[in-house]
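Contents: one structure, followed by commentary.
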Amino acid sequence: MSIVGLSEAQVWHTRAAQARRIASMLSASDAALLESYAKECDEHLCTALHKIAEQRPPPGATWTNEFHGLKQATHRHGRAA
């Protein structure tokens, strides 16, 4: 899972929420414009979340397992991690 992917998803979520908060303070016609923008942000959020889901490691593979595997491999070759 990529930190950049999570960051991108958070940005789209924040933009949609902010647009909806501002829309609640505006007239109906102006609010409709911001709601359209919020829906676009939601679509970008879904895309970002799908990218994150595609990057998930296979079951049983974790960041911890990968780190320990790397650490063990470097110790075997005479280098400390």
Worksheet item: Between Ala38 and Ala19, what is the shortest heavy-atom contact and its length?
Response: CB-CB, 4.1 Å
Worksheet, complete the sentence: In terms of heavy-atom contacts, Ile22 and Leu26 come closest through O-CG, 3.4 Å
Per-pair distances, 0.1 Å, donor-acceptor, side chain in residues 40-48, under 3.5 Å, sequence neighbours excluded:
unit_1	atom_1	unit_2	atom_2	d
Asp42	OD2	Arg20	NH1	3.2
Asp42	OD2	Arg20	NH2	2.6
Thr47	OG1	Glu43	O	3.1

Response to the item:
Interatomic distance, OG1@Thr14 vs CZ@Arg21, rounded to 0.5 Å, equals 8.0 Å
Worksheet entry | Listed partners of Ser36 passing side chain to side chain donor-acceptor pair (under 3.5 Å), at least two apart | none
Worksheet item: Any idea which heavy atoms bring Ala9 and Leu49 closest together, and the distance?
Response: CB-CD2, 4.0 Å
